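What follows is one structure encoded as structure tokens, with my remarks underneath.
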Amino acid sequence: MKNKSLVSISDYSREEILRILELAAEFEQQPRQDLLKGKVVASLFFEPSTRTRLSFESAIQQLGGSVIGFASADTSSVRKGESLKDTILTVSNYSDLIVMRHPVDGSARYASEVSPVPIVNAGDGANQHPTQCLLDLYSIKKTQGRLEGLDVAFVGDLKYGRTVHSLVIALTQFNARFHLVSPPELKLPSAVKRYIKEAKLEYYQYTDLNEVIPNCDILYMTRIQRERFPDPLDYEKVKNSYNLNNQMLANSRPNLKVLHPLPRVNEINVDVDSNPKAYYFEQALNGVYVRQAIVASILGLK
Amino acid sequence: MNDKRKQLIVSAIQNGTVIDHIPAKSVFQVVRILGLDNTEKQVYFGVNLESKKYGTKGIIKISDHWFASEEINKIALVAPSATLIEIRDYEVTSKSSVQIPEHIEGIVKCFNPNCITNKEDVSTRFTVIRDEHDELKLACHYCEKNTSRDNLMFI
């Protein structure tokens with residue numbers, strides 16, 4: 001994995017995924033080390049982010065590395081009309097690795113082709129978010145003790161949710177059974193469903209959330225993202241489709257964990273937060289260890 | 001239809017290539033993909049001709065030009081049923097069908113308006129796939145969206 005960019009979750013084999021998860025477990029034991037001393041990581045966020053940017057920067061600084069970069073396109077030469085290629089070529093002169101979030105689909109793949117240093121995709125438009133996917137997998141493995149053969153329910157916006165797309169694709173490597181809960185307008189795209197079919201795995205589609213709760217090990221909730229809808233009226237129709245409350249979890253499996261990539265709006269009621277089955281805030285913490293594992297492994301330090 | 005009538009519709013060539021069994025509606029796309037709108041060679045074409053197999057078809061004949069297979073396979077997207085006939089001195093010297101290529105670069109636009117290839121100066125790259133209904137689709141190397149045949153736009 002040394003010097004190899006991470007653009008899409010499908011760039012990593014099953015073994016490479018498992019290796020990152022093992023490393024992340026090591027970092028969880030000892031998150032503060034001097035491993036990245038003398039290394040400079042560029043963090044280029046052309047689009048806003050709270051969790052991803054801060055957890056990356058925290059991950060790097062806890063390992064003794066330094067971070068340069070910008071948190072919005074407004075404070076970079078992008079505003080003067082600089083092309084992505086020129087920005088990447090320039091920044092690669094100043095850094096050992098580039099973490100990038102960009103609003104355009106496919107920008108990360110392109111950056112990885114022009115950059116002499118490795119690129120880690122921290123989200124490219126509505127396409128991929130592989131580091132989120134790895135931390136989701138880490139959270140699943142940590143709470144269930146395994147990745148193999150789980151019943152995983154995805155709830156909400158399965159059409160535009162890039163974290164859903166990445167995680168479904170990754171779980172096809174681990175024989176999951178997929179329970180897909182969404183309004184008819186927001187079903188999983190056929191380009192993603194194709195991965196499930198090719199792996200000959202079972203999947204079931206639902207519109208009612210209650211139907212799926214007793215039968216899954218992981219309940220992966222997502223926000224219905226207003227910003228992705230071309231027509232605001234379509235958003236209004238589906239925005240309140242799902243609202244998980246504590247009582248609804250009464251008949252769930254004892255090992256069930258509720259995950260959410262966050263931010264949430266109203267799809268998980270706050271009364272779920274104190275239920276031991278709620279795992280979304282720990283999930284966000286796991287992001288630090290997983291990102292330490294990704295950076296250390298790409299820089300060839302682990 | 002006998003051979004004599006056929007020759008009256010689109011005249012025979014002495015040397016060159018005949019591309020037959022093109023879907024009638026795709027003839028002009030084939031012309032563009034192969035750059036025949038900018039050639040010095042003699043080109044004949046016919047559209048909405050009768051075809052026993054397909055109802056109607058189109059045909060293109062290019063004098064004194066033979067195609068490399070990478071070049072001709074580019075038309076497979078719009079004319080997968082096309083037949084390629086090479087002619088030397090009025091004789092058919094070879095007959096083959098178009099092969100669908102695995103990868104396509106730079107000919108087709110990605111239908112996703114938010115794809116990097118539509119935002120910056122980046123040439124398109126696709127892998128050709130078939131969906132569960134056996135429809136050809138182009139999977140974008142960059143944005144990972146699939147462009148279907150209905151959304152095909154040529155650069």
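Convention: sequence-line order gives letters A, B, ...; per-chain numbering from 1. Worth saying up front: this structure is predicted, and the values here are computed from it rather than measured.
There is no contact between A:E198 and chain B, counting heavy-atom distances below 4.5 Å. Proximity to chain B is absent for every atom of A:K193, based on heavy atoms less than 4.5 angstrom apart. Within the 4.5 angstrom heavy-atom criterion, only backbone atoms of B:D121 (N, CA, C, O) approach chain A.
Salt bridge present: B:R125 and A:E113 bring a charged side-chain N and a carboxylate O closer than 4.0 Å.
The candidate from A:A108, A:S10, A:S83 with the greatest count of non-hydrogen atom pairs under 4.5 Å with chain B is A:S83.
The number of heavy atoms from other shown groups lying within 6.0 Å of NZ (B:K25) does not exceed 12. The number of heavy-atom neighbours closer than 6.0 Å to NZ of B:K145, taken from other residues, nucleotides and ligands shown, is above 12. For B:D37, the CG atom counts as densely surrounded, since its 6.0 Å shell holds more than 12 non-hydrogen atoms of other residues, nucleotides or ligands. In A:K197, the NZ atom is crowded: over 12 heavy atoms of neighbouring residues, nucleotides or ligands sit closer than 6.0 Å. When the shell of 6.0 Å around CZ of A:R226 is examined, it contains 12 or fewer heavy atoms from other residues, nucleotides or ligands. Taking a 6.0 Å sphere around CZ of B:F111, one finds it holds more than 12 heavy atoms contributed by other residues, nucleotides or ligands. The local environment of CD in A:E185 is crowded, with over 12 non-hydrogen atoms from other residues, nucleotides or ligands closer than 6.0 Å.
Within the model, atoms CD of B:E135 and OG of A:S190 stand 11.5 Å from one another, a figure rounded to the nearest 0.5 Å. How far OH of A:Y110 is from OG of B:S123: 10.0 Å, rounded to the nearest 0.5 Å. Here A:N127 contributes atom CG and B:I116 contributes atom CD1; the two are 11.5 Å apart, rounded to the nearest 0.5 Å. Between the OG atom in A:S112 and the OH atom in B:Y142 there is a gap of 8.0 Å [rounded to 0.5 Å].
In this structure, B:E144 and A:R109 have side chains that are in contact, with non-hydrogen atoms separated by less than 4.5 Å. Annotation: side chain of B:K119 is not in contact with side chain of A:L84 (no heavy-atom distance under 4.5 Å).
Shown here for B:C143 and A:D105, the closest heavy-atom pair between the two residues is CB-CB, 3.4 Å. For the residue pair B:N114 and A:P103, the shortest heavy atom distance occurs at ND2-O, 3.1 Å.
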